Amino acid sequence: NAGVTQTPKFQVLKTGQSMTLQCAQDMNHNSMYWYRQDPGMGLRLIYYSASEGTTDKGEVPNGYNVSRLNKREFSLRLESAAPSQTSVYFCATTTGANEKLFFGSGTQLSVL
Amino acid sequence: AQSVTQLGSHVSVSEGALVLLRCNYSSSVPPYLFWYVQYPNQGLQLLLKYTSAATLVKGINGFEAEFKKSETSFHLTKPSAHMSDAAEYFCAVTPRTYKYIFGTGTRLKVLA
């Protein structure tokens with residue numbers, strides 16, 4: 001079992017480029033999340049999907065879109081990358097509300 | 001709105017000394033509270049979780065936390081620090097919904 005798999009692990013973009021971060025889980029979890037981690041700011045919730053077919057905004061959704069492709073996959077898209085989106089992105093999953101989160105190993109994104 | 005405040009972005013302790021990492025929360029409903037640990041270049045792992053069953057919660061690696069409603073606190077402690085405890089620690093709250101809000105983190109340094 002791989003758990004929560006994020007691809008790619010590293011990415012460098014130029015301002016204005018687009019890209020999609022992929023997250024897949026083999027834990028049969030219902031809920032999936034995207035967080036960004038910045039120094040001194042902790043983890044901030046971008047979007048989440050409580051269950052297949054639903055998505056909701058978190059604290060910092062501007063500049064991002066998400067797709068819950070199926071129960072296993074939850075992707076995060078940057079349509080026009082900006083330097084302010086330089087960050088480490090984490091995908092997380094859980095069985096349901098109030099349960100512990102399982103995290104992927106992260107994607108380090110630099111936007112020049 | 002729910003929030004988490006972690007006092008002290010950096011804490012240093014000597015090996016064998018008490019570890020105390022502070023977390024205060026704000027929640028309009030009885031919360032679920034979590035402590036996570038992050039080792040370098042990894043995702044977050046659950047240390048312990050408060051669910052209202054008991055105010056003193058024991059977690060992995062000898063850590064424990066006490067829920068104090070009157071002080072809106074959920075501080076993390078360990079009687080004797082080990083070198084392997086050096087990491088970043090995050091407190092998180094969920095107000096019994098699918099949203100998990102994280103604090104800004106405390107980086108623990110253990111001195112030999």
Side-chain angles (χ1 to χ4, degrees), chain A residues 2-7 9-10 21 23 25 27 29-61 66 68 74 87-108, chain B residues 1-11 21-27 29-53 57 59-60 63 65 67 87-107:
Chain A
V4 182
T5 303
Q6 291 184 234
T7 54
K9 293 191 182 303
F10 301 94
L21 280 64
C23 176
Q25 52 106 355
M27 308 178 80
H29 285 174
N30 294 316
S31 306
M32 300 185 74
Y33 300 76
W34 278 106
Y35 284 90
R36 60 177 289 174
Q37 183 178 20
D38 302 289
M41 304 192 75
L43 276 77
R44 292 180 292 169
L45 181 62
I46 305 171
Y47 271 93
Y48 67 102
S49 171
S51 60
E52 186 179 356
T54 69
T55 60
D56 287 284
K57 295 178 179 179
E59 304 165 80
V60 289
V66 290
R68 183 73 184 266
F74 189 39
S87 187
V88 180
Y89 291 84
F90 286 99
C91 177
T93 71
T94 186
T95 54
N98 311 315
E99 299 300 325
K100 75 174 190 178
L101 293 170
F102 292 81
F103 284 83
S105 56
T107 294
Q108 190 166 321
Chain B
Q2 288 68 38
S3 66
V4 172
T5 301
Q6 291 185 242
L7 294 176
S9 58
H10 292 80
V11 170
L21 305 182
R22 299 177 185 275
C23 172
N24 289 88
Y25 70 91
S26 171
S27 179
V29 298
Y32 280 63
L33 293 158
F34 305 79
W35 275 100
Y36 287 85
V37 61
Q38 184 181 34
Y39 298 102
N41 301 315
Q42 295 185 25
L44 280 69
Q45 306 169 36
L46 182 71
L47 272 179
L48 50 80
K49 171 187 173 183
Y50 167 75
T51 63
S52 77
V57 183
I60 62 171
F63 284 93
F67 174 74
E88 190 158 20
Y89 293 81
F90 292 92
C91 184
V93 62
T94 178
R96 301 179 181 245
T97 69
Y98 288 95
K99 276 190 175 180
Y100 295 75
I101 305 300
F102 284 80
T104 53
T106 297
R107 189 171 298 276

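Below, read A as the first sequence line, B as the second, and so on, with proteins coming before strands; counting in each chain starts at 1. Values below: every heavy atom of this structure, side chains too, minus hydrogens, waters and symmetry copies. Computed from a predicted structure; not experimentally measured.
- Minimum heavy-atom separation, B:G43 to A:F90: CA-CE2, 3.5 Å.
- The candidate from B:Q42, B:K99, B:R107 with the greatest count of non-hydrogen atom pairs under 4.5 Å with chain A is B:K99.
- Of the two parts of A:Y33, only the side chain, counted from C-beta on, holds a non-hydrogen atom closer than 4.5 Å to a non-hydrogen atom of chain B.
- In this structure, the portions of B:L44 lying under 4.5 Å from any heavy atom of chain A include both its backbone and its side chain.
- Ranking A:E59, A:Q6, A:E99, A:M41 against chain B, the residue ahead of the rest is A:E99, based on heavy-atom pairs under 4.5 Å.
- Looking only at side-chain heavy atoms (C-beta outward), B:Y36 and A:K100 come within less than 4.5 Å of each other.
- B:Y98 touches chain A through backbone and side chain together, each having a heavy atom under 4.5 Å away.
- Contact annotation for B:Q38: only side-chain heavy atoms (C-beta onward) come within less than 4.5 Å of a heavy atom of chain A.
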With a cut-off of 3.5 Å and sequence neighbours excluded, list every side-chain donor-acceptor pair involving residues 42-51 of chain A.
| unit_1 | atom_1 | unit_2 | atom_2 | d |
| --- | --- | --- | --- | --- |
| A:R44 | NH2 | A:D38 | OD2 | 2.8 |
| A:S49 | OG | A:S51 | O | 3.0 |
| A:S49 | OG | A:T54 | O | 2.6 |
| A:S49 | OG | A:R68 | NH1 | 2.7 |

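- The part of B:E88 that comes within reach of chain A is its side chain, from C-beta onward, which places non-hydrogen atoms under 4.5 angstrom from that chain.
- Proximity to chain B is limited to the side chain of A:Q37, based on heavy atoms less than 4.5 angstrom apart.
- Considering all non-hydrogen atoms of both residues, A:L101 and B:Y100 come closest at CD1-CG, 3.8 Å.
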